[in-house]
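A short worksheet on the structure shown next.
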Amino acid sequence: MIMCDEYFGNFKFPQFILNKKIIRNIGAAKMASYMVQKTVTSICTCGLQKRLPDLFFCRHCLTLRCDFCVSHEIDTTFCPHCFENLSSTEAKHKKNRCGSCLECPRCFNTLSTRSYSRILEPKKLPQKMFYLLCLFCNWRSHEPNVPDQPTSSGNWPIYKNPNDGRISDLINYYKSLSLKEVFDKQKRSTKNYGRNYMHFLEKFGLNAMMARKRAGLPNFSMDGTGYCTPQITPSEATEDVPELSEDTFEQLVDLKQISTLEQRFATPEIQNENIDDLFPIRKHLRVKHSLRCRVCEHNVVKPEYNAVKFKIKHLAYYHVPEIKIIKCEPLQAGRSSSLILKLCNPAQTSTIVCFEKMDLEAINIVREPRRLEGEDLVATPKQLPEPIPITLELQGDIIIPEGEIKIAARDDTAEYDDTNEVNTDNDDPKYVYWRKGNKVALKFEVKPYDNFEINENVRVGFIMNFMYLDTMSHVINQKQPQSVSVPIKIVLDLPNHN
Amino acid sequence: MKIDSDFLPEKQCVVIDIGTKYTKFGFATEHSPRCIIRTFCEIDGIPIPDIYKYNNVQKLTLALSNFMHLLFYKHALVAPKDKKVIIVESLLSPTKFKEILAKVLFITYEIASLCFVPSHCASLFTLGISTALVLDVGYKEAVLIPVCEGVPVLRLWQAMPLAGEIVEEQIKTRVDIGQLTLNQSVDVIAEDIKARTCFVTLRKRAKILATGQSIEPKTTNVEYHIDGERSVSILGDVRETVYDVLFEENIDEMSLTTMILETLNNSNVDIRLKLAENIVLIGGTVMAKGFMARLKEELLEKLKSSKYSKLKITKFKFHVSPVYENYISWLGGSIFGSTNNLNILSQTRENYINENYVPDWPTTFTRKKIE
């Protein structure tokens, strides 16, 4: 007797609503316009152009690193739904699937467990039974006839290819065949050993053999004759091939009942064509990465176990002054127009920036990773991926502020302080537009080349050197904090739509 | 000699079959791939259409690195460092692609060893046979290579661009998809229509339909919806005849059928009969309903022509694999990965760095054994 859930009835969502991809696409499109604006980019040490939030800063090589030029390691494996952390062996054993969370085979959302009471015998207490329901598309585990379970955690059955046994046989057969090959080869080579039998001890597992003898087990035969490979029956080709069924032509096709390729490939071993035969999928696990610099083998990012925090996070965003465009006059070919950039120092220490012109000729000369004094490279030299040659086409010149510009350290309390006076006496009003706390607005001038076309983005580049104060306490050499000037190649892609 | 004990490779071995459209990915000794995902190589969100034909070395390196990253960290959840990798590839895949892939895996991802396994040979592991005529109909092209006692007979290869893509092209020209799509790509819809509504019709029906006549029973039309607002009606004729392009002969009288017959014609007399009675079909396109039946029908029909009647073949036999056709070659790679031969035939990282080249063929000559 089913007591609840008649409410949902047999209503099914049309296929188009189930297509999660559409929803994903809409989300992506919105985010794309907002997040993936590549107006201000920095060129990473490996040669890729990235936005500042995508970059890391290796504190040992004192250079930028990106997703591509750090080595990724797997830190912890977790389920994205129940957040259970699994050890790597456990994850391996479970084939990277969560033991308790299941996904809807139709729309790939997480399934929830529903219960109803059933009275088996009139005198006994009603028994609770559980089934699975997708709250998004109303898929139920009754559809492919998954039996209801008496426990909520549910030992939901795992479905396999019916020919699983045959594949196991094949694997065993080929395994033993290749072992026999090795055995034969060794038998041939043992003839040359002369009379010294000591090597047999390990080679033929004589120790193991003696142990077997002691245990009263039958012996291995020495010459390999007693060993025979398991036989398999080779596949028989047939003339009767699956024909089209008679009703293929006239059968009405209900697209809601035919699974999509995405749904089929979610379970490669089953790949059911009928949507009612799709079985719930165990949730695929995710990993937390820890990132390591390829050159010096120091960690760049290391997450904390069982938390959303990080032990180490050397993101460029915390060290490198952030550049934002706040004002740009309309650009005209051959004429300079002013451009105001805001620099914001995210570090807890004050920094000095100075600018250099970008030399396109020398842009591909890879600078050796610099080191702080008194620190040795721990890593042994190894072959690293080749740096990507930078190909950059500029559409204009940029006139940069001369001299050094000091930017104050970040102070979280300064935000609330209205009387926050900054010493602006030393600033050259020719270059410094305004200054507040750890932010400074600087005047640049952009002069697009004569041949530049209207409505085309103007790309200009320059090098920003900023002073990085090394506050790490070094084990090897405990010195005073050193400050190093770090050059960063900046590319501005100025939109010019009139 | 520990023969009875299970010989388990101490390092997990990853098996990858990179197809033009779908990539099969999993671990050796397992029975099915962990995932079948779209081969999607991209740089900064700009996808690379066909990785096998792409010429820009720099960009391909970058795109392959991104793709391998996706495979290892999102699907396999293992760091590729010090792992053994098997790539199941077609014998006809470009050397350049192979070299770039090896470079990415060895240098960027520091894998322990790499082995390229020819997909046509590997497929036979799933059947337990050693001689067969293997026809791989994937997305981009159909490649036929006979395998004789485990050795591919390269002299007899045949390749034609008759595969999933040309079928999708047919759909695109005969069904007006352009009018109903806004944000979804036409290719995705064409593939969906192909997989969910189309089938390979009988030879006699195809013959009549090709002349423009109608036939009884008429195939039902299908109403195909996109985004719930627009819909298009896919005619019954279209549903059953889009696959016919694979069996139509071009000006050189070549089609899937004649590819097989040409190979048989050119092969040695003593192997001919054996090949005809051991046909193995692999690749996603052969999973279309009625494909095998139509191919057999076409073969028998073509045999009656004067050109092939001297072949003295009376019947064609097909193998039925224990798994779905789209991952047969992957499974072959997985079985190969479970054996000891993997250690003998794969190239190690040290060897690659010293020699700085990838051998054309898995050999034992140029490299030392691992372990």
Side-chain angles (χ1 to χ4, degrees), chain A residues 14-17 22 25 36 68 71-74 77 91 95-96 161 163-164 166-167 170-171 173-175 177-179 182-183 186 203-205 208 227 232-235 237-239 241-244 248-253 255 258 260-261 265 268-269 271 285 287 289 383-385 388-389, chain B residues 1-3 7 29 31-36 58 62 65 69 73 77-79 81 107-108 125-129 183 191-192 195-197 199 202 217-220 222 224-228 240 277-279 289-290 292-293 296 315 317-320 322-324 327 331 335 338-341 353:
Chain A
Q15 194 69 34
F16 62 87
I17 297 185
I22 298 172
N25 283 349
V36 197
F68 180 72
S71 68
H72 294 244
E73 280 159 23
I74 282 164
T77 325
K95 297 194 167 187
N96 293 337
N161 183 343
N163 292 323
D164 227 34
R166 166 81 179 160
I167 303 168
L170 283 163
I171 291 179
Y173 169 71
Y174 282 107
K175 238 188 220 178
L177 207 68
S178 84
L179 274 176
V182 175
F183 192 98
Q186 291 198 340
K203 186 161 269 171
F204 287 116
Y227 176 72
I232 52 150
T233 42
S235 159
T238 82
E239 260 189 293
V241 290
E243 301 278 345
L244 274 182
T248 314
F249 307 107
E250 278 180 307
Q251 197 182 35
L252 282 173
V253 177
L255 281 178
I258 304 170
T260 63
L261 285 181
F265 293 163
E269 66 274 33
Q271 293 188 36
L285 300 174
V287 284
H289 300 219
Q383 196 174 346
L384 294 167
I388 301 142
Chain B
M1 182 92 196
K2 288 174 237 161
I3 277 182
F7 179 82
T29 73
H31 296 183
S32 68
R34 287 288 177 84
C35 62
I36 300 178
Q58 280 303 330
L62 206 61
S65 312
H69 189 273
Y73 293 97
L77 307 189
V78 290
K81 198 173 176 179
I107 305 295
T108 312
F125 288 138
T126 62
L127 300 165
I129 53 172
N183 44 15
E191 187 192 21
D192 197 48
R196 290 166 72 197
T197 64
F199 59 91
L202 303 171
K218 222 171 160 15
T219 309
T220 47
V222 173
Y224 187 85
H225 296 266
I226 295 166
D227 292 358
E240 58 176 312
E277 291 184 359
N278 285 287
I279 297 176
K289 269 185 232 143
M292 226 188 232
K296 191 187 132 195
K315 58 190 171 190
K317 284 184 178 176
F318 294 86
H319 279 280
V320 182
V323 293
Y324 285 100
Y327 69 92
L331 182 67
I335 293 175
S338 66
T339 65
N340 203 20
N341 282 25
I353 288 169

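First the proteins, then the strands, lettered A, B, ... as listed; each starts at 1.
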(message) Restricting to non-hydrogen atoms, name the atom on B:Tyr327 and the atom on A:Glu269 that form the minimum distance, rounded to 0.1 Å.
(response) OH-CA, 3.4 Å

(message) Less than 4.5 Å to any heavy atom of chain A: does that hold for the side chain of B:Lys296, its backbone, both, or neither?
(response) side chain

(request) Using non-hydrogen atoms and a 4.5 Å limit, figure out which bit of B:Leu331 sits close to chain A: side chain, backbone, both or neither. (result) side chain

(request) Taking the six-membered ring for Trp and the full ring for Phe, Tyr or His, determine whether the centres of A:Phe249 and B:Phe199 are under 6.0 Å apart. (result) yes

(request) Locate the shortest heavy-atom distance separating B:Asn340 from A:Ser178; write the atom from each residue and the value. (result) N-OG, 3.0 Å

(request) Tell me, out of A:His72, A:Glu250, A:Glu243, A:Gln251, who's got the most heavy-atom pairs with chain B below 4.5 Å. (result) A:His72

(message) Less than 4.5 Å to any heavy atom of chain B: does that hold for the side chain of A:Asp164, its backbone, both, or neither?
(response) both

(message) Less than 4.5 Å to any heavy atom of chain A: does that hold for the side chain of B:Val222, its backbone, both, or neither?
(response) side chain

(request) Start with the C-alpha gap between B:Val323 and A:Ile167, add the side-chain angles, then the distance that decides, and say whether side-chain contact (heavy atoms from CB on, under 4.5 Å) holds. (result) CA-CA 9 Å; B:Val323 293; A:Ile167 303 168; 3.5 Å; yes

(message) Nearest 0.5 Å, please: how far is CD1 in B:Ile335 from NE2 in B:His31?
(response) 8.0 Å

(message) Can you tell me which of B:Pro217, B:Ser65, B:Ala79, B:Pro322 forms the most heavy-atom pairs within a distance under 4.5 Å of chain A?
(response) B:Pro322

(message) Between A:Ile232 and chain B, with a heavy-atom cut-off of 4.5 Å, which part of the residue counts as in contact: side chain, backbone, both or neither?
(response) side chain

(request) Flag the one option from A:Arg166, A:Glu73, A:His289 with the top tally of heavy-atom pairs under 4.5 Å to chain B. (result) A:His289

(request) Could you look at B:Thr220 and say if it's the side chain, the backbone, both or neither that has a heavy atom under 4.5 Å from chain A? (result) both

(message) What part of B:Glu277 gets within 4.5 angstrom of chain A, counting heavy atoms only: side chain, backbone, both, or neither?
(response) backbone

(message) If you count heavy-atom pairs within less than 4.5 Å of chain A, which of B:Thr219, B:Leu77, B:Thr108 leads?
(response) B:Leu77

(message) Using every non-hydrogen atom in the two residues, find where B:Thr339 and A:Lys175 come nearest and quote the distance to one decimal.
(response) CG2-N, 3.8 Å

(request) Please determine, among B:Thr126, B:Val320, B:Thr197, B:Asn278, the option with the most heavy-atom pairs under 4.5 Å with chain A. (result) B:Thr126

(message) Please give me the minimum heavy-atom distance between A:Pro242 and B:Ala293, naming the atom from each residue.
(response) O-CB, 3.6 Å

(request) Pick one of side chain, backbone, both or neither for B:Asn341, based on which atoms fall under 4.5 Å of a heavy atom in chain A. (result) both

(message) Under the rule for ring-ring contact (aromatic ring centres under 6.0 Å, His included), what residues qualify as partners of B:Phe318, not counting sequence neighbours?
(response) none

(message) For a quick test of reading the model, state the closest non-hydrogen atom pair linking B:Ile129 to B:His319 and the distance between them.
(response) CD1-NE2, 3.3 Å

(message) If I measure from the heavy atoms of chain B, does A:Thr77 come under 4.5 Å with its side chain, its backbone, both, or neither?
(response) side chain

